[in-house]
Chemist: 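Okay, handing you the structure first.
Residue numbers run from 1 in the order of the sequence given.
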Amino acid sequence: MSTGRVSRRQFLVRGTGAMAGLITAMLSVPAVGLLLSPLWASTKEIWVTVQGGPIDDIPDGLPTARIATVPLGFGPPAPAVNRVVYVTKSQGQLYAFCNICSHMQCDVHWEPSLSLFECPCHGGLYAIDGRNVGGPPPQPLSQWVHRVYLDAQGKQYLQIANRLQEQI
């Protein structure tokens, strides 16, 4: 027979459950926010000039390695990182490839004897336009988002953004 009264034991069990639920909710909100915040974080686009001088002297059909100091562009201030940029001119097109293999993220290099980019880790091969032509790489070489600007003397310089254009 129930009289509608809550016993002391029931009160403590319900109160403990409510407090545990409240504490769980308070702890999970920041954790969920931390996990989901990258979805809404905006990346600040930063343009940097590729080191090594103007690109006018880069021969057609011969990729040339240059260095660019690329900042991340989001989050707390982080040191900029030196990145290799393969500047390539081929059939009137200008490419600025990242030197990271799409298979296992090893550093690729231009192999003049093959006239291909080669990944030393697993033998991945890429054509001068970045297409994967041999080995295990599943995708073409990533290309930096880039632009060319002219200085006061009319020389062309290459700038890259702190993001990659995944498709060629």
Side-chain angles (χ1 to χ4, degrees), residues 28 30-168:
S28 65
V32 169
L34 180 69
L35 292 173
L36 297 180
S37 64
L39 297 176
W40 292 281
S42 62
T43 301
K44 182 179 176 188
E45 188 169 79
I46 300 170
W47 290 90
V48 294
T49 302
V50 175
Q51 300 168 15
I55 59 171
D56 298 319
D57 60 342
I58 293 177
D60 196 87
L62 182 64
T64 305
R66 298 280 176 96
I67 302 292
T69 305
V70 183
L72 293 177
F74 60 90
V81 180
N82 285 339
R83 299 286 184 206
V84 174
V85 179
Y86 273 104
V87 182
T88 304
K89 294 178 183 176
S90 177
Q91 300 175 357
Q93 287 282 93
L94 177 71
Y95 301 100
F97 293 117
C98 178
N99 73 320
I100 305 296
C101 180
S102 64
H103 176 235
M104 295 293 290
Q105 286 69 47
C106 294
D107 292 346
V108 301
H109 64 276
W110 178 253
E111 184 55 52
S113 63
L114 298 173
S115 294
L116 296 169
F117 288 103
E118 180 183 33
C119 175
C121 293
H122 297 105
L125 299 171
Y126 299 92
I128 195 167
D129 62 0
R131 291 177 293 114
N132 49 330
V133 294
Q139 296 175 332
L141 278 176
S142 295
Q143 187 175 176
W144 291 101
V145 172
H146 63 280
R147 65 185 180 196
V148 176
Y149 77 95
L150 296 173
D151 69 356
Q153 288 79 32
K155 295 193 181 274
Q156 294 182 337
Y157 286 85
L158 182 67
Q159 288 186 326
I160 63 169
N162 57 335
R163 62 187 174 95
L164 295 172
Q165 174 181 325
E166 297 296 330
Q167 298 300 321
I168 296 176

Chemist: Enter the distance from E111:CD to L125:CG here, rounded to the nearest 0.5 Å.
Modeler: 9.5 Å
Chemist: Is the CD atom of Q91 crowded by more than 12 outside heavy atoms at less than 6.0 Å?
Modeler: no
Chemist: Under the rule for side chain to side chain contact (heavy atoms under 4.5 Å, CB included), what residues qualify as partners of H122, not counting sequence neighbours?
Modeler: H103, M104, P136
Chemist: For the residue pair P63 and I128, establish whether any side-chain heavy-atom pair is separated by less than 4.5 Å.
Modeler: yes
Chemist: State whether the SG distance for the cysteine pair C101/C106 is less than 2.5 Å.
Modeler: no
Chemist: Going by side chain to side chain contact (heavy atoms under 4.5 Å, CB included), name the residues that satisfy it together with P120, two or more places apart in sequence or in a different chain.
Modeler: H109
Chemist: So, do Y149 and T49 sit near enough that their side-chain heavy atoms are less than 4.5 Å apart?
Modeler: yes
Chemist: Looking only at heavy atoms, what is the nearest atom pair of L158 and A96, with distance?
Modeler: CD2-CB, 4.0 Å
Chemist: Please walk me through it: do E45 and W47 pass side chain to side chain contact (heavy atoms under 4.5 Å, CB included)?
Modeler: CA-CA 7 Å; E45 188 169 79; W47 290 90; 3.3 Å; yes
Chemist: Would you say that H146 contacts L94 through its side chain, given a criterion of any heavy-atom pair below 4.5 Å between the two side chains?
Modeler: yes
Chemist: So, taking the atom named CD in Q105 and the one named SG in C119, what distance separates them when rounded to the nearest 0.5 Å?
Modeler: 9.5 Å
Chemist: Checking N162 side chain against I46 main chain: does a donor-acceptor pair fall under 3.5 Å?
Modeler: yes
Chemist: Would you mind reporting whether V48 and T69 have side-chain heavy atoms less than 4.5 Å apart?
Modeler: no
Chemist: Are any of the side-chain heavy atoms of L141 and V108 separated by less than 4.5 Å?
Modeler: yes
Chemist: Tell me which one of F97, W144, F117, Y126 satisfies ring pair (Phe, Tyr, Trp, His ring centres under 6.0 Å) with Y86.
Modeler: F117
Chemist: Measure across P138 and N132 and return the closest heavy-atom pair with its distance rounded to 0.1 Å.
Modeler: C-ND2, 3.6 Å
Chemist: With heavy-atom distances below 4.5 Å as the criterion, would you say the side chains of I67 and V84 are in contact?
Modeler: yes
Chemist: Evaluate side chain to side chain contact (heavy atoms under 4.5 Å, CB included) for V145 paired with I160, printing each intermediate quantity in order.
Modeler: CA-CA 6 Å; V145 172; I160 63 169; over 6 Å; no
Chemist: Please tell me if the side chains of Q159 and Y157 come closer than 4.5 Å, counting only heavy atoms from C-beta onward.
Modeler: no
Chemist: Between atom OG of S28 and atom CG of L34, what is the distance when rounded to the nearest 0.5 Å?
Modeler: 12.5 Å
Chemist: Find out whether L164 and Q143 are in side-chain contact, i.e. whether some heavy atom of one side chain is under 4.5 Å from a heavy atom of the other.
Modeler: no
Chemist: Tell me every residue that passes side chain to side chain contact (heavy atoms under 4.5 Å, CB included) with I58, counting only those two or more places apart in sequence or in another chain.
Modeler: I55, T64, R66, V87, K89
